[in-house]
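Chain identifiers are assigned alphabetically (A, B, ...) following the order of the sequence lines, protein sequences preceding nucleic acid strands; residue numbering begins at 1 within each chain.
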Amino acid sequence: MALSREQIAMRVAQEFKDGDYVNLGIGIPTLAANYVPKDIAVMLQSENGLLGMGPYPTEAELDADMINAGKETVTSITGACIFNSAESFAMIRGGHVDITVLGAFEVDVSGNIASWMIPGKLVKGMGGAMDLVAGAQNIIVTMTHANKHGESKLLDACTLPLTGVNCITRIITDLAVLKVANGAFHLLERAPGVSVEEIQQKTAGKLIVEGDVPEMQFKN
Amino acid sequence: MALSREQIAMRVAQEFKDGDYVNLGIGIPTLAANYVPKDIAVMLQSENGLLGMGPYPTEAELDADMINAGKETVTSITGACIFNSAESFAMIRGGHVDITVLGAFEVDVSGNIASWMIPGKLVKGMGGAMDLVAGAQNIIVTMTHANKHGESKLLDACTLPLTGVNCITRIITDLAVLKVANGAFHLLERAPGVSVEEIQQKTAGKLIVEGDVPEMQFKN
Amino acid sequence: MAGFNKVVHSYADALAGLSNNMTIIAGGFGLCGIPEGLIAHIREMGVSGLTVVSNNCGVDDFGLGILLQERQIKKMIASYVGENALFEQQLLSGELEVELTPQGTLAEKMRAGGAGIPAFYTATGYGTPVGEGKEVREFNGRPYIMEESITGDFAIVKAWKADTFGNCVYRHTAQNFNPMAATAGKITVVEAEEIVAPGSLNPAHIHTPGIYVNRVIQGTFEKRIERKVTRSKEN
Amino acid sequence: MAGFNKVVHSYADALAGLSNNMTIIAGGFGLCGIPEGLIAHIREMGVSGLTVVSNNCGVDDFGLGILLQERQIKKMIASYVGENALFEQQLLSGELEVELTPQGTLAEKMRAGGAGIPAFYTATGYGTPVGEGKEVREFNGRPYIMEESITGDFAIVKAWKADTFGNCVYRHTAQNFNPMAATAGKITVVEAEEIVAPGSLNPAHIHTPGIYVNRVIQGTFEKRIERKVTRSKEN
């Protein structure tokens, strides 16, 4: 069965290693913070200028001057630091953030990603996404495998304006975990109960399936 | 009579305007801080990373972590700020420092300056001088008019490796105050008792003398 | 002598010289750390044809959004339209010229503008619409695009505390774009929650050295929250 | 789990991995704010063929000068030779390769290296020997030269206080080049006067965020003064 948003987030969190600096985009990526394995520590970077982002505030802690990159009110953890946005993107662009997780409209077999506009229809703007995909060491895309019309979002070539080229290394969808390499998607894991055939059917771009593809494990 | 170092510094200080941010080089320029007219305030920038440099410390105030760009121990004034060297040169390069005063081996009628090396003989390095002459709004050179062999340091074209091109606007020597414009030195003031003829004789580069040239006034 | 006292006592004095078709660089991220009073006074002044450089354009009825309402902005240079419906509508209709710029590139363009660096190279935006028409150059085998810096006729900045010399500190994440904006204005105006005496701020804690600041005004702030999200105490 | 605790307990651990012919970026200005113990240990390690990037090269018998004494440095990238006789002598004899770099350009090259900016333009050095062989480009009618960024295999940094996560604050003008150096090392090692617990430093006062720092070691410092100048009390 296709994963819920929370389950995708749980699977994302298993990609984290102890000591990772992590930037989480708006939506499902943000949820991953709730599922960090208990035996490791990660530190969250918020690109407006906060390293060491904490949970949402209680009513008593609420502070208009303390927000994250999604403009939500947040807190900071012990040992956090706060800085300006040029410094924040120096960190990002300079490759000091270990993992970036973000959503997308489309990805393709070349590791390209489109996430910031649909011509004539929707212009959200790229925000920090173009910098993040150009700078982070390890970029994970989370999204549903297909759109609501059942059309695949994993393509041979993106059709929408790009956010970055040749940068996506891993994709975690409601159906599968995939690696992007050598001009193809490589199927690594299936969602529990989802068949390889279903994944093949919903993956428009070149997909390589080798051997038995295991089901995802949720070890939290 | 030719001015003493202190008198050159006194004349330099008369160039300052109320509210000026000023960077003073090593040597005579540094002395100018002692002669700021009493009816104005200037703030001294030291390019290692201090805005609001104060006087030398007393023995009791001495602190190894508090030095100026000449590596001398200093203090800071009330309202100072301290920052890193990239920030310091952002200020300088970005044109936020109003006046820079520095020494030179040679200057020429194109506003070029040479101050950092004598090939095969002496290499001090440029330190911050190249950034200062490229960035400040108003650049004053202080030096003796001639070297110890009696040779002019005000030339048609510098012979030594340059520190900057087309940047010097004013020269204050032991003999005169001069402006650099339109490919010539323009004599503005004479040191008390120094004749126009002596200045002409000791100025190798094209010198323009118009009308009566007044003697310097020391109004401190 | 006035010395280094930069305090002005009216918004009119704070924005004296601002006129039609000028470029304004504004600090703030969303509604966080925005110079509310200065923005309100720009609306009152009625200047138009403005180019505004800011990460966002406020919301429909607050922050820079109020200048969109009045059609005072000719061109926005921003990274994010987001949920500002008026912004998106004026963009899609072509009424508003928009130069969408990646957030990090925007921050760096402001910094570079203030730092006397006319252009720099970044990998951000290479191969995307942002890179179109820009010079591409390889360094160590990777392609980068050249981005030019930005300066403004005015910069408007929101500080937590400013001393009378213009030294500023920002509070929490209200820092955001404010320090870079402060460096990039021909005239930089700081609206502060509190104006303090020189010496009140620790020299090592100052985020914006006063050399960048021309005018300081005491503001009052609503500090509207764009997305209030809380957790219950037990969590 | 180790988490974010970056404290090491020996200089050997602090500099593990440093080997011949590597590039080291060092904080400090003159003898102010230099990682004394790390420099001393580099001498002890005996590594050679080093490229060292630092504004100065210490004095004859202290700071980075001790690595010149031992002929461990193949190339210096610095802005100032000044009064270091050994430096000047090795430079003039051609024994030491030296890339004299304007101080502001050097600071910016380190910052750019850490910030993922491979090159930038500056007016500094245009028309001088520094500009020779570099690309010249006009922006708004003024010529600028292109300068490439610098990164190092190691960066060695001297902090006043560092927390165990690697967040650093510097004291007074001992800040100087340290924050930029910290960003530009593949491995960045901080030698601190004092190591404190996370939370001891105010998040808004941190000069170097811990994300740049790989190792933190407790140092001991002589803090030699290069030019002691004092005034009498009366003045």
Please name the pair of heavy atoms, one in A86(A) and one in E108(C), separated by the smallest distance, quoted to 0.1 Å. CB-OE1, 4.4 Å

Quick one: closest heavy-atom pair of C32(C) and A64(A), and the distance? SG-O, 3.6 Å

P102(C), G127(C), G33(C): which one forms the most heavy-atom pairs within less than 4.5 Å of chain A? P102(C)

What option among S88(A), G127(A), S46(A) has the most heavy-atom pairs under 4.5 Å with chain C? G127(A)

Could you state the interatomic distance from OG1 (T173(C)) to CE (M53(A)), rounded to the nearest 0.5 Å? 11.0 Å

Residue, of R111(C), M180(C), E226(C), that accumulates the most heavy atom pairs under 4.5 Å with chain A: M180(C)

V59(C) vs K71(A), test: side chain to side chain contact (heavy atoms under 4.5 Å, CB included). Steps then yes/no. CA-CA 12 Å; V59(C) 294; K71(A) 293 168 194 103; over 6 Å; no

Over 12 non-hydrogen atoms of neighbours within 6.0 angstrom of NZ in K206(A): no

Side chain / backbone / both / neither for L100(C) at chain A, heavy atoms under 4.5 Å: both

Only pairs of heavy atoms separated by less than 4.5 Å count here; which of G135(A), P57(A), G70(A), G125(A) has the most with chain C? P57(A)

Given the rule in the side chain to side chain contact (heavy atoms under 4.5 Å, CB included) test, do V229(C) and Y56(A) qualify, once you have shown the distances and angles that lead to the verdict? CA-CA 6 Å; V229(C) 187; Y56(A) 295 121; 3.6 Å; yes

Side chain, backbone, both or neither: which part of S76(A) has a non-hydrogen atom closer than 4.5 Å to chain C? neither

State whether E61(A) and R231(C) are salt-bridged, where the test is any N-O pair (Lys NZ or Arg NE/NH1/NH2 against Asp/Glu carboxylate O) under 4.0 Å. yes

Who among C167(A), P55(A), G164(A) has the most heavy-atom pairs with chain C under 4.5 Å? P55(A)

Which portion of E132(C) sits near chain A, non-hydrogen atoms under 4.5 angstrom: neither

Drop me the distance from E72(A)'s CD to K228(C)'s NZ, to the nearest 0.5 angstrom. 14.0 Å

Is any side-chain heavy atom of E47(A) closer than 4.5 Å to a side-chain heavy atom of Q103(C)? yes

Taking CD in Q217(A) as the centre, count heavy atoms belonging to other residues, nucleotides or ligands within less than 6.0 Å. Is the count above 12? no

With a 4.5 Å cut-off on heavy-atom pairs, point out which of L132(A), T73(A), N112(A) contacts chain C the most. T73(A)

Rounded to the nearest 0.5 Å, what separates atom CG in N84(A) from atom CZ in F29(C)? 13.5 Å

Does K121(A) pair with E88(C) as a salt bridge, N-O distance under 4.0 Å? no

What verdict does the side chain to side chain contact (heavy atoms under 4.5 Å, CB included) test give for D63(A) and R171(C), after you've listed the backbone C-alpha separation in whole Å, the side-chain angles of each residue and the deciding distance to 0.1 Å? CA-CA 10 Å; D63(A) 188 329; R171(C) 190 164 171 279; 2.6 Å; yes

Ranked by heavy-atom pairs below 4.5 Å to chain A, first place among Q175(C), R142(C), M110(C) goes to Q175(C)

Let me confirm one number: the CD1-CD1 distance from I225(C) to I67(A), rounded to the nearest 0.5 Å. 9.5 Å

Under the 6.0 Å and 45° cation-pi test, does K124(A) pair with Y80(C)? no

Flag the one option from V81(C), N178(C), T105(C) with the top tally of heavy-atom pairs under 4.5 Å to chain A. V81(C)

Between N56(C) and chain A, with a heavy-atom cut-off of 4.5 Å, which part of the residue counts as in contact: side chain, backbone, both or neither? side chain

Working note: K223(C) + D65(A), criterion side chain to side chain contact (heavy atoms under 4.5 Å, CB included); need CA distance, chi angles, decisive distance, verdict. CA-CA 8 Å; K223(C) 287 206 190 183; D65(A) 290 335; 2.5 Å; yes

P129(C) side chain near W116(A) side chain, heavy-atom distance below 4.5 Å: yes

Interface moiety of L62(A) toward chain C, non-hydrogen atoms closer than 4.5 Å: side chain

For G104(C) versus F89(A), what's the shortest heavy-atom pair and its separation? CA-CG, 3.2 Å

Give the intermediate values and the outcome of side-chain hydrogen bond (donor to acceptor under 3.5 Å, both in side chains) for residues T124(C) and D131(A). CA-CA 5 Å; T124(C) 302; D131(A) 305 278; 3.1 Å; yes

Spacing of N176(C) atom CG and F83(A) atom CZ [to the nearest 0.5 Å]: 12.0 Å

Working to the nearest 0.5 Å, report the span between CD of E87(A) and NE2 of H207(C). 11.0 Å

Between N68(A) and chain C, with a heavy-atom cut-off of 4.5 Å, which part of the residue counts as in contact: side chain, backbone, both or neither? backbone

